[in-house]
Chemist: 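Got a structure here, written out as structure tokens. Questions coming.
These numbers come from the heavy atoms of this one structure, side chains and all, not from hydrogens, waters or symmetry mates.
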Amino acid sequence: MEKMQREYLFDNYKVLLIVLVVIGHFIEPCYDQNPFLYELKWGIVAFHMPAFIFISGYFSKKIPSVKKLVRGLVVPYFVYEVIYYMLYTYVLDKETELYFTRPKFTLWYLLALCVWRLAAPAVRKIPCHLPLSIIAGLAIGLVGIGNFLSIPRIVFFFPFFLAGMEFENVWLVRFRNRKGYVGALGIMACMAAFLFTDRYHRKLSVKIFYGRYSYDELELSSMEGILLRIVCYGISFLLIYLFMLVLPSDRKSYSYLGERTMAVYIFHGLIYSCLKHRSRVLGTVESNAESILLILFCIAVVWVVSRKPFVRVTDKIAHLM
């Protein structure tokens with residue numbers, strides 16, 4: 001029973017996260033035109049990908065064989081790169097090249113997941129591997145290597161993957177009760193209130209949470225960049241745990257969507273690319289009413305691309321070999 005509850009907890013968690021992934025992308029062209037969307041963007045980037053990666057690590061305690069990794073991640077990565085290239089070139093008339101070493105849009109995650117799963121067994125044998133991975137995540141910000149093989153993101157997010165592998169469900173038992181629930185909600189409410197009132201973060205770029213950019217690219221000094229990245233790590237880890245305390249651990253009507261996140265992750269990017277490059281509608285959202293409509297549209301996108309036809313496509317691509 002405990003195993004089933006743990007699975008439903010993470011299924012429900014993944015549903016929340018994939019909705020936030022879609023919203024985070026679709027508000028990208030307009031979030032700085034509306035105060036609510038601006039703070040929502042900050043809230044989303046502060047933890048949605050760290051949490052996704054943490055959960056991926058949690059379910060990667062048993063590392064699959066190299067053959068399964070190639071079939072499930074490497075082959076799909078090349079297939080989707082070709083699909084994105086064809087979309088950009090022949091549909092959107094967007095100048096690009098078939099850069100297999102520079103992942104397009106969301107595809108960096110497939111490449112990163114493969115690297116993490118291959119590297120984790122060896123890295124976990126190193127004493128203090130989690131603190132060392134965080135130090136590496138801080139150090140990579142000092143180097144400007146661009147998007148080559150998504151190396152900056154792979155290094156920056158690796159601590160979350162390792163933390164997920166180390167995590168045990170029993171660590172939730174003590175705090176998954178009424179007091180823990182109320183306390184977690186209270187802390188998140190305080191963080192939200194701080195976000196909407198703090199002025200310092202408005203001088204920064206949300207890209208400090210992306211892991212892709214060097215401190216120099218973010219116009220930060222090395223010391224300022226390192227200190228901010230430490231804060232980012234702290235906020236992300238805290239939010240990951242807090243949401244585990246408040247999300248339901250039993251089966252809900254939407255829990256099944258947690259098993260279909262890959263289809264949503266892949267196909268929402270194609271829809272977003274079309275809207276971004278073929279329409280100006282996303283860049284015109286300004287009012288609160290328009291913002292709400294956009295969020296509802298994002299939820300609708302999640303529902304549509306989580307239907308079985310899209311899931312079958314991703315499953316077939318993941319089993320080409």
Side-chain angles (χ1 to χ4, degrees), residues 14 17-18 20-22 24-25 28 41-42 44-60 69 72-74 76-78 80-81 84 96 99-120 122-123 129-165 204-220 222 225-226 228-237 239-240 261-262 265-266 268-269 272-273:
K14 288 166 68 177
L17 293 174
I18 198 62
L20 294 181
V21 166
V22 176
H25 284 145
E28 180 70 28
K41 179 72 172 181
W42 273 92
I44 289 174
V45 300
F47 96 105
H48 74 318
M49 285 313 299
F52 241 130
I53 294 161
F54 178 92
I55 294 173
S56 296
Y58 181 79
F59 287 107
S60 297
L69 284 176
L73 294 173
V74 178
Y77 170 73
F78 282 103
Y80 293 130
E81 277 287 337
Y84 266 96
T96 186
Y99 298 122
F100 289 118
T101 58
R102 300 182 185 277
K104 291 181 176 60
F105 200 39
T106 60
L107 300 183
W108 70 270
Y109 185 65
L110 297 180
L111 181 62
L113 193 56
C114 183
V115 173
W116 293 328
R117 286 178 173 171
L118 286 172
V123 172
H129 58 273
L130 188 53
L132 288 175
S133 70
I134 292 176
I135 292 174
L138 300 176
I140 196 66
L142 298 169
V143 184
I145 58 176
N147 195 38
F148 181 73
L149 292 175
S150 287
I151 291 174
R153 278 173 164 164
I154 290 174
V155 177
F156 172 74
F157 286 115
F158 196 27
F160 300 107
F161 187 84
L162 292 173
M165 296 186 76
L204 304 172
S205 169
V206 294
K207 293 178 180 179
I208 62 173
F209 281 100
Y210 288 10
R212 173 179 175 176
Y213 302 96
S214 68
Y215 304 139
D216 185 59
E217 289 173 313
L218 295 172
E219 299 182 352
L220 300 170
S222 297
I226 289 173
L228 282 173
R229 187 161 284 192
I230 291 173
V231 172
C232 290
Y233 273 132
I235 292 173
S236 297
F237 275 117
L239 286 172
I240 289 171
T261 53
M262 183 56 72
Y265 191 77
I266 295 298
H268 92 274
Y272 170 75
S273 296

Chemist: Please identify each residue that fulfils side chain to side chain contact (heavy atoms under 4.5 Å, CB included) with Phe78, with sequence neighbours left out.
Modeler: Val74, Phe100
Chemist: Which pair of non-hydrogen atoms, one from Phe237 and one from Ile134, has the smallest distance, and what is that distance?
Modeler: CE1-CD1, 4.5 Å
Chemist: Tell me, please, which residues at least two apart from Ala136 pass side chain to side chain contact (heavy atoms under 4.5 Å, CB included).
Modeler: Val155
Chemist: With sequence neighbours left out, write down each residue that passes ring pair (Phe, Tyr, Trp, His ring centres under 6.0 Å) with His25, or none if nothing qualifies.
Modeler: Phe105, His268
Chemist: Kindly write out the residues that satisfy side chain to side chain donor-acceptor pair (under 3.5 Å) with Trp42, not counting sequence neighbours, or none if the list is empty.
Modeler: Tyr38
Chemist: Say you draw a straight line from OH of Tyr265 to OH of Tyr80; how long is it, rounded to the nearest 0.5 Å?
Modeler: 12.0 Å
Chemist: Grab the two heavy atoms, one from Pro103 and one from Asn147, that are nearest each other, plus how far apart they are.
Modeler: O-ND2, 3.3 Å
Chemist: Who are the ring pair (Phe, Tyr, Trp, His ring centres under 6.0 Å) partners of Tyr210, not counting sequence neighbours?
Modeler: none
Chemist: Would you please name every residue forming a ring pair (Phe, Tyr, Trp, His ring centres under 6.0 Å) with Tyr233, sequence neighbours left out?
Modeler: Phe156, Phe160
Chemist: Let me have the donor-acceptor pairs involving side chains of residues 137-146, under 3.5 Å, with sequence neighbours excluded, atom names and distances please.
Modeler:
none

Chemist: Roughly how far, to the nearest 0.5 Å, is CZ of Phe54 from CG of Leu17?
Modeler: 11.5 Å
Chemist: Give me the atom names and distance for the closest heavy-atom approach of Met165 to Ala120.
Modeler: SD-CB, 3.4 Å
Chemist: Would you name the heavy atoms of Ser273 and Tyr84 that are closest together and state the gap between them?
Modeler: OG-CE2, 3.9 Å
Chemist: For residues 109-118, which side-chain donor-acceptor pairs fall under 3.5 Å, sequence neighbours excluded?
Modeler:
unit_1	atom_1	unit_2	atom_2	d
Tyr109	OH	Ser56	OG	2.4
Trp116	NE1	Ile154	O	2.9
Arg117	NE	Ser60	OG	3.0
Arg117	NH2	Ser60	OG	3.4

Chemist: Kindly compute the distance separating CG (Leu130) from CG (Leu162), expressed to the nearest 0.5 Å.
Modeler: 6.0 Å
Chemist: Could you pull out all residues at least two apart from Phe209 that satisfy ring pair (Phe, Tyr, Trp, His ring centres under 6.0 Å)?
Modeler: none
Chemist: Would Arg212 and Lys207 count as a side-chain contact (heavy atoms from CB on, under 4.5 Å) if you check the C-alpha gap in whole Å, the side-chain angles of each, and the deciding distance to 0.1 Å?
Modeler: CA-CA 8 Å; Arg212 173 179 175 176; Lys207 293 178 180 179; over 6 Å; no
Chemist: Looking at CG of Leu107 and CD1 of Ile266, how far apart are the two atoms once the value is rounded to the nearest 0.5 Å?
Modeler: 5.5 Å
Chemist: If we only count heavy atoms from C-beta on, is the Leu204 to Leu220 side-chain gap below 4.5 Å?
Modeler: yes
Chemist: Which residue pairs satisfy the side-chain hydrogen bond (donor to acceptor under 3.5 Å, both in side chains) criterion with at least one member in residues 131-141, sequence neighbours excluded?
Modeler: none
Chemist: Would you say the side-chain atoms of Ser236 pair up with the backbone N or O of Phe47, donor to acceptor, closer than 3.5 Å?
Modeler: no
Chemist: Would you sort out whether Phe158 and Val123 count as a side-chain contact (heavy atoms from CB on, under 4.5 Å), showing the intermediate values?
Modeler: CA-CA 10 Å; Phe158 196 27; Val123 172; 3.8 Å; yes
Chemist: Got a sec, which residues hit salt bridge (charged side-chain N to carboxylate O under 4.0 Å, His left out) with Glu28, two or more places apart in sequence or on another chain?
Modeler: Lys41
Chemist: Run the side-chain contact (heavy atoms from CB on, under 4.5 Å) check on Ile18 and His48 step by step: do they pass?
Modeler: CA-CA 8 Å; Ile18 198 62; His48 74 318; over 6 Å; no
Chemist: Sequence neighbours excluded, which residues qualify as salt bridge (charged side-chain N to carboxylate O under 4.0 Å, His left out) partners of Lys14?
Modeler: none
